[in-house]
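Below: one structure, written as structure tokens.
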Amino acid sequence: MHSVTSDHFVDESTETGAQSEPDYPDDTAQVSRRPASRRESVRANMRWWDGAADAYQAEHGSFLGGSRFVWGPEGLDEAEAGLLGAVKGERVLELGCGAGQCGRWLTSQGAYVVGLELSGRQLHHSRRLDAREGVALPVVQADAQALPFADASFDLVCSSYGALPFVADAASVLRETVRVLRPGGRLAFSVTHPLRWSFLDDPTESGLVAVHPYWDRRAYVEEDEHGVPTYVEHHRTVGDWVRLLATAGLVLDDLVEPEWPEHNDQVWGGWSPLRGRLIPGTAVFLAHRP
Ligand SMILES: C[S@@+](CC[C@H](N)C(=O)[O-])C[C@H]1O[C@@H](n2cnc3c(N)ncnc32)[C@H](O)[C@@H]1O
């Protein structure tokens with residue numbers, strides 16, 4: 001399942017200009033599907049993203065750009081999709097902002113953006129891109145399950161594959177989101193399309209066979225030789241997301257399932273033109289606080 005993240009936006013070119021490619025962490029002894037607690041998930045993912053940030057940004061940096069808001073490997077670009085509507089003058093929080101590419105684009109559209117991110121090394125890359133792009137994105141290092149902001153401080157909370165696929169307690173992220181949103185404020189986030197969890201992370205024909213029960217909610221967990229999680233991702237079905245949003249008091253406005261565009265011929269980890277033309281890879285949920 002690593003392609004969901006480490007290969008999330010695979011791009012052959014490098015951005016950091018490093019002579020030798022940085023490596024992804026490689027201390028995984030075994031992979032399993034099992035429950036993973038909130039604490040285990042945060043610890044594993046903070047460590048993993050700190051260790052992976054250099055390689056991730058080197059590998060995917062040119063696709064992600066410095067100020068660009070893409071919703072997923074299909075390349076759906078907010079500049080064309082307009083899923084967020086007008087953001088000029090809005091106070092925006094980006095969850096799991098990584099190197100802040102989306103937040104920087106929103107800033108260029110006149111929004112007042114804060115990026116929230118678990119990994120300090122990802123934020124190091126955000127500062128690097130700030131310098132390159134000439135836009136200083138304010139960021140905080142925190143866990144999206146406990147937002148360090150006052151009630152009703154944002155008009156919009158958004159995320160492109162950030163935080164939500166990795167947390168054990170998505171309900172707390174949504175509860176916190178509702179708290180920091182003003183009444184009428186919006187939430188927009190993308191995650192791996194839940195259907196994808198039934199399939200192997202194999203971009204070829206053999207990856208087109210459903211091999212795993214869609215309703216198995218156990219987390220995807222990589223562990224070191226002592227059984228300590230080194231990487232965790234959590235699965236929720238479409239119905240789970242709808243219930244989570246409703247329980248948090250949000251109104252679901254749309255569920256966008258981007259199609260694989262004709263012009264996109266790149267294989268990105270488990271995502272590929274072959275599979276992308278047949279099954280969805282990304283789900284974008286759009287909701288608001290009444
Ligand atoms: C796939 S990246 C998405 C970031 C950016 N949109 C991109 O495409 O590169 C996922 C990000 O979520 C962050 N993340 C994971 N768990 C988190 C948590 N509990 N709170 C905040 N951020 C988290 C990771 O550190 C990582 O930077």
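All values below come from the heavy atoms of this structure, side chains included, with hydrogens, waters and symmetry mates left out. Each ligand, and each atom within it, is numbered from 1 in the order the structure gives. Positions are given from 1 along the sequence.
By the 30° and 60° cut-offs, the orientation of the rings of Phe189 relative to Trp241 is tilted. Relative orientation of the Tyr56 and Trp49 rings is perpendicular, given thresholds of 30° and 60° on the angle between their planes.
Checking only distances, Tyr56 does come within under 3.5 Å of ligand 1, N or O to N or O. Checking only distances, Ser160 does come within under 3.5 Å of ligand 1, N or O to N or O. Checking only distances, Val42 never comes within under 3.5 Å of ligand 1, N or O to N or O.
Using a 4.0 Å cut-off to heavy atoms of Tyr161, the atoms of ligand 1 that qualify are 1 (C), 2 (S), 3 (C), 10 (C). For ligand 1, the atoms closer than 4.0 angstrom to any heavy atom of Leu64 are 8 (O), 9 (O). With ligand atoms numbered from 1 in the order given, ligand 1 contributes 26 (C), 27 (O) to contacts under 4.0 Å with heavy atoms of Gln122. Of all atoms in ligand 1, numbered sequentially from 1 with element shown, those under 4.0 Å from a heavy atom of Ala142 are 20 (N), 21 (C). The ligand atoms of ligand 1 that sit less than 4.0 angstrom from a heavy atom of Asp143 are 18 (C), 19 (N), 20 (N). Distances below 4.0 Å separate heavy atoms of Val167 from the following atoms of ligand 1: 19 (N).
With sequence neighbours excluded, the residues satisfying salt bridge (charged side-chain N to carboxylate O under 4.0 Å, His left out) with Glu262 are Arg277.
Within a 6.0 Å radius of CZ in Arg43, other residues, nucleotides and ligands contribute 12 heavy atoms or fewer.
Inspection of the Glu78 and Gln109 side chains reveals no N or O donor paired with an N or O acceptor under 3.5 Å.
Scanning Gln57, His60, Glu117, His125 for the heavy atom closest to atom 24 (C) of ligand 1 points to Glu117. Residue nearest to atom 4 (C) of ligand 1, selected from Gly120, Gly162, Gly61, Gly96: Gly96 (by heavy-atom distance).
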Legend entry - Tyr231/Arg47 under side-chain contact (heavy atoms from CB on, under 4.5 Å): CA gap, chis, key distance, verdict: CA-CA 8 Å; Tyr231 178 89; Arg47 191 163 159 266; over 6 Å; no
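Counting only distance, with no hydrogens or angles, the side chain of Arg91 and the backbone of Tyr112 share no donor-acceptor pair below 3.5 Å.
Once rounded to the nearest 0.5 Å, the distance linking CZ of Arg127 with CD of Gln122 reads 12.0 Å.
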